[in-house]
Amino acid sequence: ELALYPELSARANVLFAARMGGLSDPAGATEDALRRIGVLRQAEMRAGCLSRGIRQRVALARAFVHAPPIMLLDEPFTSLDAGGSEWLVEWFAEQRSSGRAIVWTTHDHEQSGRVATRNLDYIHPERVTQRPQLLDALNIQGPRANPDSKRLNHGHHSSHPASRFSPRSMTGGGLAV
């Protein structure tokens with residue numbers, strides 16, 4: 001779930017994050033974030049009463065209101081309508097051009113291929129070892145292939161950064177940067 005405070009309004013959820021981020025003008029930053037995500041009309045509604053797509057937008061606004069240099073997002077396109085998805089694509093491009101890094105998980109490989117500058121595919125992990133240029137682009141050492149299976153060895157002693165992710169915890173999808 002999105003971890004919004006359901007009893008608070010959309011505005012109050014974003015304002016809370018702005019204040020926690022130590023912004024000098026949290027109210028102004030909140031209004032700007034709500035305007036950018038297109039939810040000013042719903043800003044006073046309780047988060048628990050909003051549609052799933054609008055809650056997703058509010059959660060994204062809360063995440064970016066204080067402009068962190070690195071963002072980790074889980075399925076950011078989930079429940080967004082076409083307009084919300086287009087906004088998110090544009091926002092990702094803005095963040096990339098300003099030097100921010102965004103890492104996200106997704107099951108939508110078409111979307112991540114369209115937006116991400118780097119992709120690490122967990123549905124077909126053998127592709128990672130078959131494409132050394134991808135590993136070079138990611139600047140990581142590839143996982144060791146298990147010769148007895150097509151699965152990769154993500155054991156505790158792997159030097160691969162993704163070894164911290166359990167293959168069982170990812171039922172598909174990937175990590176896009």
Side-chain angles (χ1 to χ4, degrees), residues 1-123 134 137-138 161-162 164-166 169-177:
E1 192 53 31
L2 299 173
L4 293 174
Y5 293 101
E7 67 282 355
L8 296 180
S9 68
R11 177 176 280 111
N13 269 279
V14 178
L15 182 60
F16 175 74
R19 287 179 176 155
M20 293 301 291
L23 297 179
S24 61
D25 181 14
T30 297
E31 290 306 304
D32 181 53
L34 293 170
R35 185 177 316 102
R36 290 188 71 194
I37 62 168
V39 297
L40 280 174
R41 284 188 19 231
Q42 298 94 341
E44 296 308 320
M45 291 180 65
R46 287 183 16 183
C49 297
L50 298 171
S51 72
R52 176 63 167 90
I54 298 297
R55 287 194 323 265
Q56 181 76 356
R57 287 181 185 220
V58 173
L60 289 166
R62 186 189 57 197
F64 75 70
V65 70
H66 60 281
I70 299 173
M71 293 185 67
L72 303 173
L73 303 173
D74 183 24
E75 298 283 353
F77 290 94
T78 298
S79 299
L80 294 179
D81 59 12
S85 292
E86 284 307 310
W87 167 82
L88 190 55
V89 167
E90 291 171 13
W91 183 78
F92 279 169
E94 288 174 23
Q95 300 310 300
R96 185 173 42 244
S97 68
S98 67
R100 290 189 180 91
I102 302 170
V103 178
W104 77 90
T105 61
T106 186
H107 287 83
D108 187 345
H109 296 283
E110 182 179 324
Q111 191 72 273
S112 71
R114 186 174 146 223
V115 178
T117 56
R118 298 179 184 117
N119 286 291
L120 184 56
D121 188 342
Y122 277 96
I123 285 181
L134 173 62
L138 291 170
R164 288 170 284 171
F165 298 102
S166 165
S169 71
M170 298 194 63
T171 58
L175 179 69
V177 183

List in chain and number order the residues that pass salt bridge (charged side-chain N to carboxylate O under 4.0 Å, His left out) with Arg62, two or more places apart in sequence or in another chain; answer none if no residue qualifies.
-> none
Grab the two heavy atoms, one from Thr78 and one from Gln56, that are nearest each other, plus how far apart they are.
-> O-CG, 3.3 Å
About how many Å separate CD1 of Ile54 and CD of Gln42, when rounded to the nearest 0.5 Å?
-> 4.5 Å
Are Glu31 and Leu40 close enough, and set up right, to give a side chain to side chain contact (heavy atoms under 4.5 Å, CB included), and what steps lead you there?
-> CA-CA 8 Å; Glu31 290 306 304; Leu40 280 174; 3.6 Å; yes
Sequence neighbours excluded, the answer for salt bridge (charged side-chain N to carboxylate O under 4.0 Å, His left out) partners of Glu90 is none
Please list all pairs passing the ring-ring contact (aromatic ring centres under 6.0 Å, His included) test where one or both residues lie in residues 38-58, with sequence neighbours left out.
-> none
For Glu7, enumerate each residue passing the salt bridge (charged side-chain N to carboxylate O under 4.0 Å, His left out) test, keeping only those at least two apart in sequence or located in another chain.
-> none
How far does CZ of Arg41 sit from CG of Leu34, to the nearest 0.5 angstrom?
-> 13.5 Å
Start with the C-alpha gap between Trp87 and Leu60, add the side-chain angles, then the distance that decides, and say whether side chain to side chain contact (heavy atoms under 4.5 Å, CB included) holds.
-> CA-CA 11 Å; Trp87 167 82; Leu60 289 166; 4.1 Å; yes
Start with the C-alpha gap between Arg57 and Leu80, add the side-chain angles, then the distance that decides, and say whether side chain to side chain contact (heavy atoms under 4.5 Å, CB included) holds.
-> CA-CA 8 Å; Arg57 287 181 185 220; Leu80 294 179; 3.7 Å; yes
Salt bridge (charged side-chain N to carboxylate O under 4.0 Å, His left out) filter on Asp32, not counting sequence neighbours, yields Arg35
At their closest point, which heavy atom of His66 faces which heavy atom of Ala17, and how far apart are they?
-> ND1-O, 4.4 Å
Working to the nearest 0.5 Å, report the span between CD1 of Ile102 and CG of Leu88.
-> 7.5 Å
Looking only at heavy atoms, what is the nearest atom pair of Arg36 and Phe64, with distance?
-> NH1-CE1, 4.4 Å
Side-chain touch Leu8/Arg46, heavy atoms, less than 4.5 angstrom | no
Verify side chain to side chain contact (heavy atoms under 4.5 Å, CB included) between Met71 and Val103, making sure each step is shown before the conclusion.
-> CA-CA 6 Å; Met71 293 185 67; Val103 178; over 6 Å; no
What heavy-atom pair brings Ala18 and Val65 nearest, and what distance separates the two atoms?
-> N-CG1, 3.8 Å
Heavy atoms only: give me the nearest Leu73-Ala63 pair and the separation to one decimal.
-> CD2-CB, 4.5 Å
Heavy-atom closest contact (Phe77 atom, Ser85 atom, distance) = CE2-O, 3.7 Å
Listed by chain and number, what are the side-chain hydrogen bond (donor to acceptor under 3.5 Å, both in side chains) partners of Ser98, not counting sequence neighbours?
-> Arg100
